[in-house]
There are 2 protein chains.
Amino acid sequence: MAAREPEIITSKEKMRKWSRAMRAKGKTIGLVPTMGYLHKGHLSLINEARQHADLIVVSIYVNPGQFSTSEDLSTYPSDFYGDLQKLMSVSGGVDVVFNPYDLYDYGSGRDREGAEKRDSVKEVSCLEERGGGHETWIRVEKLEKGLCGKSRPLFFRGVATVVSKLFNIVDPDVAIFGKKDYQQWRIIRRMVRDLDFAVQVIGSEIVREDDGLAMSSRNVYLSPEERQKALSINRSLSRAKHAAEEGQINCKKLQDSVILAIQEAGGKVDYAEIVDQETLEAVEEIKAPVVICVAACFGKARLIDNIEIPAYA
Amino acid sequence: MAAREPEIITSKEKMRKWSRAMRAKGKTIGLVPTMGYLHKGHLSLINEARQHADLIVVSIYVNPGQFSTSEDLSTYPSDFYGDLQKLMSVSGGVDVVFNPYDLYDYGSGRDREGAEKRDSVKEVSCLEERGGGHETWIRVEKLEKGLCGKSRPLFFRGVATVVSKLFNIVDPDVAIFGKKDYQQWRIIRRMVRDLDFAVQVIGSEIVREDDGLAMSSRNVYLSPEERQKALSINRSLSRAKHAAEEGQINCKKLQDSVILAIQEAGGKVDYAEIVDQETLEAVEEIKAPVVICVAACFGKARLIDNIEIPAYA
């Protein structure tokens with residue numbers, strides 16, 4: 001199949017106009033939100049979207065609202081033209097790449113206030129640090145707190161907010177999120193339910209390299225040696241799932257085995273927790289479907305991964 | 001003109017379907033969100049909506065998410081059939097009354113969790129107290145803090161959230177809010193800008209009784225005597241505006257005159273503040289357009305009112 005060039009749209013107004021025109025023709029729209037630096041995991045989301053919608057919009061936008069001031073916004077990898085090549089390689093192609101320059105630019109004028117006025121807020125994201133007057137944030141109050149939320153208290157606030165902006169601009173029928181970012185996926189589903197967005201949220205399975213490492217834009221930070229050591233994450237998760245299949249339902253024991261394996265490989269474990277698939281609350285024994293979620297650092301790279309475990313008992 | 005009966009829709013799904021069908025016909029939709037117990041103020045919002053849209057949806061829903069557990073949710077006045085009569089009396093009528101039973105009912109199942117799990121949250125609304133699992137809230141972090149936000153810390157969280165739900169369900173082109181609820185109006189405008197809702201928000205001028213009292217569903221709580229005393233609010237606001245026209249730009253002096261007049265009439269002043277019209281931040285001297293916002297209790301009734309003052313200097 002010949003490569004098909006997507007239309008590149010950079011303004012909110014043009015994006016909205018495109019969606020309205022397509023809807024008026026009776027077409028359904030699938031949105032795949034990304035921060036670019038695409039890999040096979042993203043391309044699998046596009047293939048998933050193709051199953052549910054007539055037209056595919058891929059957004060490429062590194063969202064300052066989800067980075068804290070101590071995080072890696074400025075060094076987040078990007079390769080827009082490489083991304084376009086990859087998108088053209090997808091079977092069926094994509095229809096639009098929505099690549100806004102700044103989703104938080106509301107024009108100049110009195111609405112633009114400096115960061116210095118935010119003195120009552122203790123923690124701010126890269127967005128607030130630079131000022132501009134954006135002050136509306138969506139909190140999914142319980143699901144945002146655990147797992148990655150413990151070390152990144154503003155992260156899911158930023159994710160939920162930018163996704164709702166994208167939903168309002170692109171107006172999709174369906175949006176696809178990768179289950180590698182399990183907590184994010186659950187948060188977006190909950191937000192869509194709680195705010196009555198007319199969007200179906202679909203979770204797409206984790207795509208792994210041949211050796212089992214979950215695909216991530218952050219894998220480029222790994223040296224070849226670290227890369228080998230990082231395999232301890234997916235291997236220990238698979239072993240824990242196997243142990244659960246064999247009857248081990250004690251979560252403490254399963255978690256400890258994952259933590260030990262990653263630490264022995266030289267990784268720094270942020271968390272390894274077994275939580276209810278829907279509430280993301282910690283469980284002691286596997287009686288209902290759970291997921292083991294892990295975040296660990298190897299060198300400069302903070303990697304996350306997870307494995308779902310049905311209730312075998 | 002003959003009275004026209006509106007279609008009454010109670011389910012989210014039917015409401016959304018109606019909007020999509022009308023949009024497919026090229027019609028524009030105006031939304032007037034209310035909590036019912038309609039008065040002439042509400043009817044003026046409908047007349048305003050008629051100027052901007054082909055079809056009018058009036059929502060009638062007392063939102064538990066904006067009442068704290070100590071507030072008057074259970075006694076909030078309602079009169080659905082009286083409301084329908086009033087809506088039929090409006091010139092041109094309205095097309096739909098959206099009157100959902102419970103906007104936070106997401107069906108039974110694992111998503112429904114009890115209030116007992118909310119132990120990490122100190123302040124809860126009537127919604128959270130009853131459980132149900134809703135946990136997504138929109139915060140307009142700066143604008144929600146002052147004025148009414150000081151004594152009602154969860155109020156605007158609830159308002160912003162239910163309005164975004166209504167926007168997602170009704171999908172209006174235009175939404176009308178009364179400027180009597182000045183802070184609410186500014187918060188909704190900011191939310192719409194910050195979250196890129198494709199909705200134009202229009203503020204409608206305050207409607208007053210013949211004697212000048214701002215129309216409010218809560219006026220029914222006033223005894224005839226209290227009602228007379230409550231006129232001190234609008235009278236003192238008018239006098240302050242007149243003084244500003246005459247050159248008094250010192251906000252402390254203007255505020256004090258309002259507070260004194262209301263107190264002398266027997267009212268309990270919650271606040272009387274002169275703030276910037278857009279940021280709602282307190283100002284010391286009138287150099288840019290401001291608004292004097294007042295909240296005061298007479299008997300059981302907590303009344304709010306305001307008056308805009310351009311920069312005369």
Side-chain angles (χ1 to χ4, degrees), chain A residues 12-13 15-16 19-20 23-24 26 65 100 103-104 106-107 109-111 113 117-118 120-121 128 132-145 157 160-162 164-171 187-199 276-279 281 288-289, chain B residues 12-13 15-16 19-20 23-24 26 65 100 103-104 106-107 109-111 113 117-118 120-121 128 132-145 157 160-162 164-171 187-199 276-279 281 288-289:
Chain A
K12 294 177 187 183
E13 293 66 31
M15 187 66 245
R16 184 169 279 149
S19 285
R20 293 213 160 158
R23 282 188 166 279
L103 279 183
Y104 302 91
Y106 308 112
R110 297 194 58 226
D111 271 340
E113 290 145 31
K117 288 202 177 167
R118 300 201 58 82
S120 64
V121 179
E128 292 151 296
H134 180 99
E135 59 168 305
T136 307
W137 298 101
I138 296 178
R139 314 295 303 240
V140 182
E141 293 190 351
K142 287 195 287 184
L143 289 177
E144 73 171 22
K145 283 200 166 58
R157 182 191 78 157
T161 302
V162 81
S164 85
K165 286 166 76 75
L166 289 169
F167 284 179
N168 285 336
I169 296 164
V170 177
D171 195 17
I187 283 172
I188 298 301
R189 279 175 67 98
R190 183 61 55 99
M191 175 184 84
V192 163
R193 187 202 70 168
D194 284 359
L195 298 184
D196 293 306
F197 276 104
V199 179
D276 181 277
Q277 283 187 12
E278 199 174 305
T279 66
E281 288 176 0
Chain B
K12 294 177 187 181
E13 293 66 32
M15 187 66 246
R16 184 169 281 148
S19 285
R20 292 212 162 160
R23 280 187 167 279
L103 278 183
Y104 302 90
Y106 307 112
R110 297 193 59 228
D111 271 340
E113 291 144 32
K117 289 200 176 167
R118 299 203 57 84
S120 65
V121 178
E128 293 151 296
H134 180 98
E135 59 168 304
T136 307
W137 297 101
I138 296 177
R139 313 295 302 241
V140 182
E141 293 190 351
K142 287 194 287 184
L143 289 177
E144 73 170 22
K145 284 199 168 58
R157 182 191 78 157
T161 302
V162 81
S164 85
K165 286 166 76 75
L166 288 169
F167 284 178
N168 285 335
I169 296 165
V170 178
D171 195 18
I187 283 173
I188 298 301
R189 280 176 67 98
R190 185 61 55 99
M191 176 185 83
V192 162
R193 187 201 72 167
D194 284 359
L195 298 184
D196 293 305
F197 276 103
V199 178
D276 181 276
Q277 283 187 12
E278 198 173 307
T279 66
E281 287 175 2

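Hydrogens, waters and symmetry mates are skipped; everything else that's a heavy atom, side chains included, is used. Residue numbers begin at 1 in each chain, while the letters A, B, ... track the order of the sequences.
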Among [options], which has the most heavy-atom pairs under 4.5 Å with chain A?
{"options": "B:Met191, B:Arg23, B:Arg16", "answer": "B:Arg16"}
{"options": "B:Arg20, B:Lys165, B:Lys12", "answer": "B:Lys165"}
{"options": "B:Leu166, B:Asp171, B:Val140", "answer": "B:Val140"}

- [ ] With the side chain counted from C-beta on, respond yes when B:Asp194 and A:Tyr106 share a heavy-atom pair under 4.5 Å apart, and no when they do not.
- [x]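 The answer is yes, as the side chains (C-beta and beyond) meet within the 4.5 Å cut-off.
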Task: salt bridge (Lys or Arg N to Asp or Glu O under 4.0 Å) assessment of A:Glu141 paired with B:Arg157 - done: CA-CA 12 Å; A:Glu141 293 190 351; B:Arg157 182 191 78 157; 3.2 Å; yes
Open item on the list: Given heavy-atom pairs under 4.5 angstrom as the criterion, report whether the side chain, backbone, both or neither of A:Ala198 touches chain B.
Closed with: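 Both backbone and side chain.
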Task: Under 4.5 Å from any heavy atom of chain B - which part of A:Leu143 - done: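 For A:Leu143, heavy atoms of backbone and side chain both lie under 4.5 Å from chain B.
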Supply the atom-to-atom distance [X] [atom1] to [Y] [atom2], rounded to the nearest 0.5 angstrom.
{"X": "B:Thr136", "Y": "A:Ile187", "atom1": "OG1", "atom2": "CD1", "result": "9.0 Å"}
{"X": "B:Tyr104", "Y": "A:Arg193", "atom1": "OH", "atom2": "CZ", "result": "12.0 Å"}
{"X": "A:Asp196", "Y": "B:Thr161", "atom1": "CG", "atom2": "OG1", "result": "11.5 Å"}
{"X": "B:Leu195", "Y": "A:Ile169", "atom1": "CG", "atom2": "CD1", "result": "10.0 Å"}

Task: Pairing residues for B:Arg139 by the salt bridge (Lys or Arg N to Asp or Glu O under 4.0 Å) criterion, not counting sequence neighbours - done: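 Per chain and number, B:Arg139 pairs via salt bridge (Lys or Arg N to Asp or Glu O under 4.0 Å) with B:Glu144.
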TODO: Sequence neighbours left out, what passes side chain to side chain donor-acceptor pair (under 3.5 Å) with B:Ser19? Give chain and number order.
DONE: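 Here no residue qualifies.
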Task: Candidates A:Arg190, A:Lys145, A:Lys142 - the one meeting salt bridge (charged side-chain N to carboxylate O under 4.0 Å, His left out) with B:Glu135 - done: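 So, applying the salt bridge (charged side-chain N to carboxylate O under 4.0 Å, His left out) to B:Glu135 and each of A:Arg190, A:Lys145, A:Lys142, only A:Arg190 qualifies.
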